[in-house]
Amino acid sequence: MKRRLEERQHLLDAGINPYPCQFDVSRYSEDIITGFREDLKEDVSVAGRIMTIRKMGKASFFHLQDSMGRIQIYLKKDDVGETAYNTFKLLDIGDIVGVKGFTFRTKTGEISIHAQEFELLSKSLRPIPVAKEKEVEGQKVVYDAFSDREMRYRQRYVDLIVNPEVRKTFIRRTAIVSFMRRFFSEKGWLEVETPVLQPVYGGAAARPFTTHHNALDMELYLRIANELYLKRLIVGGFEGVFEFAKDFRNEGIDRFHNPEFTQVELYVSYKDYNWMMELVEELFYRTALEVNKCDVTNFLGSEISLKPPFRRLSITDAIAEYTGRDISGKDEIELRNIAKDLGLELDPKIGSGKIIDEIFGEFVEPKLIQPTFITDYPSEMSPLAKGHRSKPGIVERFELIAGGKEICNSFSELNDPVIQRERLEAQAKLRLRGDDEAMIVDEDFLRALEYGMPPCAGLGIGVDRMVMLLTGEESIRDVIFFPHMKPE
RNA sequence: GAGAAUAUAGCUCAGUCGGUAGAGCAUCUGCCUUUUAAGCAGAGGGUCGAAGGUUCGAGUCCUUCUAUUCUCACCA
C-alpha cells in the first residue's frame, strides 16, 4: 500500500490524474465476446478493473473485468505511444482503466481488444487478493482463492471483485425478487409500504429489537412482521396487497437465520388457503423457470423438483407417516407421552400445539426435501389464522417445506373480531406466564377488524430462504450482501 | 449455551522427532512486441493470534485467554 501511494504521487507529479471524472464506455466484455466476428475489426471502448497482467517489455496483455465479465487487452508500445505505455507499466492489478481499440483474436485463440488508447481511471491503493485460474483438461483450477469466510463477508466488495460466482448469485437474487414483484403486480395486487418502526409489534411469534423515539419519548420496536398492517389495508378496501419487507428478529444466528431478513407478505381478499397453495405452486414453478430456466434445483445435495403439484399432507398425517404415531384427538398429557416415547425432551410449560410443533420439527420437517405443503395446524399455534371449516381445533393454515426447511407460511386469515380478540388475549396470558414470544394485543388492529375484513388469504415467504433454494446456496450469509457480523 | 476445527508473509498453504521460518502467487529490480497460473535472472518481505509455563532451546509440548469457521442447541 505504501508503494502504491508513492505511485499515485508519481502519477500526479507526471501530470496524470489518477482519478479522472469520466470515460465513455461503448461496450461490455461479454457482449464483445459473444458478438465477435472474425472478419470484422470492431472499434470498442471498454472500462474496468485490471485483474491479470502479463508484461513483456514493449507489449503487454492484461485482463480487464467490467460489470459483465472479463476480456483480454493487448497493449503495444508502438500503438498507444510511449507515455501511455510507461503509465501502464506503473499500474497494478486492481487499478481501473479505460481502453479504446479494436477487436481481434490472438494466436492462442482468445478474443481480445487491441488497444489504441489507454487511460487510468482509478488508482487502487490496496492489493486485491486475486485468484489465478488455469484450465486443466477442460476443468478450471483456481489457485489462491480468496476464501476466508469472515473476510469475504466483512469485505464483500472484495469478494464481489474476486469471486465471480458471488456476483452471479446476487444477480439471481435480484432476478428472483423482480420476477416475484412482476408476478404479483400482474395479478393486479398493489405493492405497498408499511411501518418498520412499530409501537406494538405483532404478526409473528418472536422477540423484537427495541429502540427509542426521543421527541415522543417512547419505546418503538423494529417490526418482526408486517402482517397486521397489511390486513388493515385489506380492511381499507384493497383487493390484494404485498410488501417486500425487511423484518427484524432478536434471535440466534445460523445458516438459516439472520437478525434482519427479507420476507414478502401477500394478502388477497375473498380467497382461502387452498387457493393460496395453488398460487404458491405457480409462483415457485414460474420463478424457477424464469431465473434458472429449469424446474429442478440442487440444494444440500438433493435434487428438488419445483414442478406442480406439490405434495399436500396434514401435520397429523405427516407425523403419522414419519413416526408411526397418531396424534389426532390427543390431549396434552397423551401428546407429552408420545413425545417422550419418541425420545423428545420437552419444556413442561409448553402446551399441546407447541408439543405437536416440536414433534414435527424434530422428526418430520428435516425429511421433507421435495416441496411439501403441510396443512391444518392446531389452532393454539396460530392465533391469526381462521378456524378450519370442518375440523374443530384446527386452523386453515399451511407451510411450504422444501429442503427440510420452512419457506412459506400461509393461512385463511381470521376475520372474526370476537374470536381474534379471544386468541390475542390468550396470547397475552401466555406472555404473563413467561412466554416472551407470545403476541401482544394490538387494539388498533382489533378495531380495524371490527369494521369488517373480507375473507382473505395471507402468505409470507422467506425470501432469503427461497433464494437459497433456487440458487443452491447453503448459508443465508451467501444470499445477503452484508450479513450480520460481530464488530471488528 | 455445548462440541469440533482453525489461527504461520498481502493471498493460498507447508513446517516431520522440540534445534533460531518455507513454497507458489503477489511485491520490488533487470531482460522480454501474441501472452494467459506468461517466462527467465535476482531481491525484499514474518513479534508464527495473545499471555504464561516446561526446556539449554518452543511455530512445534502444556495451561489460560482471544478471534474465527463449522456442527448441535435456541430461533412460526
Side-chain angles (χ1 to χ4, degrees), chain A residues 1-4 6-7 51-63 70-80 85 92-94 104-110 112 114 125-136 140-154 158 162 203-207 224-225 227 247 249-259 261 263 315 345 347 353-354 356-358 360-362 365 374 377-378 380-385 395 397-399 401 405-411 436-439 460 462 474-475 477 485-488:
Chain A
M1 184 150 161
K2 188 186 165 205
R3 183 192 56 79
R4 291 191 179 204
E6 287 167 7
E7 270 169 11
M51 295 304 287
T52 66
I53 302 186
R54 291 173 292 282
K55 293 180 187 171
M56 297 170 302
K58 298 184 181 64
S60 298
F61 287 91
F62 64 94
H63 274 104
R70 287 186 188 185
I71 189 163
Q72 180 172 255
I73 312 292
Y74 177 54
L75 196 72
K76 198 158 71 160
K77 190 174 180 178
D78 295 347
D79 291 331
V80 295
Y85 196 75
D92 299 291
I93 287 174
F104 77 113
R105 190 186 285 274
T106 64
K107 265 185 195 169
T108 50
E110 180 164 350
S112 306
H114 189 128
L125 297 182
R126 286 181 189 269
I128 286 176
V130 267
K132 294 236 166 188
E133 349 186 297
K134 182 188 185 181
E135 299 237 341
V136 180
K140 208 184 233 184
V141 184
V142 179
Y143 299 82
D144 306 337
F146 178 63
S147 58
D148 183 292
R149 280 179 175 274
E150 189 195 359
M151 284 206 282
R152 285 185 47 219
Y153 299 141
R154 282 196 195 283
V158 177
V162 162
R207 289 192 295 262
I224 57 173
E227 168 153 359
D247 290 340
R249 296 187 186 174
N250 206 340
E251 288 164 351
I253 299 173
D254 63 25
R255 67 192 171 112
F256 289 102
H257 299 85
N258 195 59
F261 64 101
Q263 183 165 227
I315 191 166
E345 292 207 12
D347 185 334
K354 192 80 178 161
I356 293 171
D357 191 40
E358 292 283 338
F360 177 77
E362 183 68 24
E365 191 177 26
I374 297 296
Y377 287 72
E380 62 264 46
M381 285 166 63
S382 318
L384 301 169
V395 290
R397 170 179 175 187
F398 73 82
E399 288 191 355
I401 316 287
K405 272 284 161 184
E406 175 197 346
I407 312 275
C408 301
N409 184 23
S410 169
F411 19 90
D436 55 4
E437 289 186 356
M439 293 183 195
E474 296 180 0
S475 169
R477 291 175 149 193
M485 306 284 285
K486 283 195 213 170
E488 274 185 86

Q: Say we look at B/C40 and B/G24: how far apart would their P atoms be, to the nearest angstrom?
A: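 About 11 Å, rounded to a whole number of Å.
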Q: So what does A/K77 touch, heavy atoms closer than 4.0 Å: a base, only the sugar-phosphate, or nothing?
A: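 Here A/K77 touches no strand at all.
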Q: Of all heavy-atom pairs between A/P378 and A/G353, which one has the smallest distance, and what is that distance?
A: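 That closest heavy-atom pairing would be CG-CA, 4.1 Å.
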Q: Report yes or no: is there a donor-acceptor pair, N or O only, under 3.5 Å between the side chain of A/E110 and the base of B/U35?
A: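 Side chain to base: no pair below 3.5 Å.
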Q: Given B/C13, B/C75, B/U35, identify the nucleotide with an atom nearest to the side chain of A/K405.
A: B/C75
Q: So which atom in A/F146 and which in A/M151 form the shortest heavy-atom distance, rounded to 0.1 Å?
A: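 Taking every non-hydrogen atom into account, CZ-CB, 3.8 Å.
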Q: Quick one: stems for RNA chain B, with Watson-Crick or G-U pairs under 3.5 Å, at least three in a row?
A: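 Listed by first number, the stems are B:1-7 with B:66-72, B:10-13 with B:22-25, B:27-31 with B:39-43, B:49-53 with B:61-65.
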Q: Kindly write out the residues that satisfy side chain to side chain donor-acceptor pair (under 3.5 Å) with A/S112, not counting sequence neighbours, or none if the list is empty.
A: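 If we apply the side chain to side chain donor-acceptor pair (under 3.5 Å) test to A/S112, skipping adjacent residues, the hits are A/Q72.
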Q: Mapping A/K76 and A/M381 onto RNA chain B by nearest heavy atom, which one lands closer to the 5' end?
A: A/K76
Q: Between B/C28, B/U35, B/U34, spot the one nearest the side chain of A/Q72, thanks.
A: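 Given the options B/C28, B/U35, B/U34, the side chain of A/Q72 is closest to B/U35.
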Q: What integer number of Å spans the P atoms of B/C25 and B/U60?
A: 29 Å
Q: Check the distance between B/C11's C1' and A/I93's CD1 and give it to me in whole angstrom.
A: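 Rounded to whole Å, this separation is 11 Å.
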Q: Provide the distance between the two P atoms, one in B/A23 and one in B/U6, to the nearest whole Å.
A: 24 Å
Q: Nearest-Å distance, CZ (A/R207) to C1' (B/C74)?
A: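 In whole Å, B/C74 C1' lies 8 Å from A/R207 CZ.
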Q: On a heavy-atom basis, which atom in A/F256 and which in A/D254 lie closest, and how many Å separate them?
A: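 Closest approach of A/F256 to A/D254, heavy atoms only: N-OD1, 2.7 Å.
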Q: Return the OH to NZ distance between A/Y85 and A/K58, rounded to the nearest 0.5 Å.
A: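 Rounded to the nearest 0.5 Å, the OH-NZ separation comes to 9.0 Å.
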Q: Students often get this wrong, so: under 4.0 angstrom with heavy atoms, is A/M51 touching a base, only sugar-phosphate, or nothing?
A: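 If one applies the 4.0 Å heavy-atom cut-off, A/M51 turns out to touch nothing in the nucleic acid.
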Q: Sticking with atom P, work out how far B/A14 lies from B/G49, rounded to a whole angstrom.
A: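 Nearest-Å result for B/A14 against B/G49 at atom P: 14 Å.
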Q: Say we look at B/C48 and B/U8: how far apart would their C1' atoms be, to the nearest angstrom?
A: 4 Å
Q: Would you kindly give the CE-to-C1' distance between A/M151 and B/U12, to the nearest whole Å?
A: 10 Å
Q: Go through A/N409 and A/R397 one step at a time and tell me if the side-chain hydrogen bond (donor to acceptor under 3.5 Å, both in side chains) criterion holds.
A: CA-CA 8 Å; A/N409 184 23; A/R397 170 179 175 187; 3.0 Å; yes
Q: Of all the choices, B/C11, B/C75, B/C32, which nucleotide is nearest to the side chain of A/F146 once you look at every atom?
A: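 So the side chain of A/F146 is nearest to B/C11.
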Q: According to salt bridge (charged side-chain N to carboxylate O under 4.0 Å, His left out), who are the partners of A/E7, at least two apart in sequence or on a separate chain?
A: A/R3, A/K123
Q: How is A/G462 classified with respect to the nucleic acid when contacts are heavy atoms under 4.0 Å: base, sugar-phosphate, or nothing?
A: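 Here A/G462 touches no strand at all.
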Q: Could you tell me whether A/Y377 contacts a base, only the sugar-phosphate backbone, or nothing, with contacts defined as non-hydrogen atoms closer than 4.0 Å?
A: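 Result for A/Y377 = nothing.
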Q: Which listed nucleotide (B/U33, B/U34, B/U27) is nearest to the side chain of A/D78?
A: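 Minimum distance to the A/D78 side chain belongs to B/U33.
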Q: Could you measure between the two P atoms, the one in B/A26 and the one in B/A41, and give it in whole Å?
A: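 Roughly 15 Å separates the two P atoms.
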Q: Look up atom CZ in A/F104 and atom CD in A/E110, then write down how far apart they are to the nearest 0.5 Å.
A: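 Here the rounded value is 9.0 Å.
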Q: Rounded to the Å, how far apart are A/R54 CZ and B/C25 P?
A: 15 Å
Q: Base contacts versus sugar-phosphate-only contacts with protein, heavy atoms under 4.0 Å: please encode nucleotides 65-72 of chain B as B, S and - from 5' to 3'.
A: ---SSSS-
Q: Given atom CZ of A/R4 and atom P of B/A26, what is their separation to the nearest angstrom?
A: 12 Å
Q: Tell me the interatomic distance from A/E251, atom CD, to B/C75, atom P, rounded to whole angstroms.
A: 8 Å
Q: Starting from P on B/U34, measure out to NZ on A/K107 and report it in whole angstrom.
A: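 In whole Å, B/U34 P and A/K107 NZ are 6 Å from each other.
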Q: Check for a donor-acceptor pair, side chain of A/E251 on one end and backbone N or O of A/A206 on the other, with a separation under 3.5 Å.
A: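 Pair absent, no side-chain N/O of A/E251 close to backbone of A/A206.
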Q: Looking at residues at least two apart in the chain, or sitting in another chain, which of them share a side chain to side chain donor-acceptor pair (under 3.5 Å) with A/Y74?
A: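 Partners of A/Y74 by the side chain to side chain donor-acceptor pair (under 3.5 Å) criterion come out as none, since no residue qualifies.
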Q: Applying a 4.0 Å non-hydrogen cut-off, can you work out what A/T52 is touching in the nucleic acid: base, sugar-phosphate, or nothing?
A: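 No contact at all - A/T52 keeps every heavy atom at 4.0 Å or more from the nucleic acid.
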Q: If the C1' atom of B/G59 is compared with that of B/C31, how far apart are they to the nearest Å?
A: 39 Å
Q: Applying salt bridge (charged side-chain N to carboxylate O under 4.0 Å, His left out), can you list everything that pairs with A/R249, at least two apart in sequence or on another chain?
A: none
Q: Report which part of the nucleic acid A/S382 touches: base, sugar-phosphate, or nothing (heavy-atom distance under 4.0 Å, all strands).
A: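 A/S382: no heavy atom of the nucleic acid under 4.0 Å.
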Q: Which whole number of Å gives the distance between the C1' atom of B/A58 and that of B/G18?
A: 6 Å
Q: Tell me: CG of A/D79 to P of B/U34, nearest whole Å?
A: 12 Å
Q: What's the spacing between A/E399 CD and A/E406 CD if we round to 0.5 Å?
A: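 Reported value, rounded in 0.5 Å steps: 3.5 Å.
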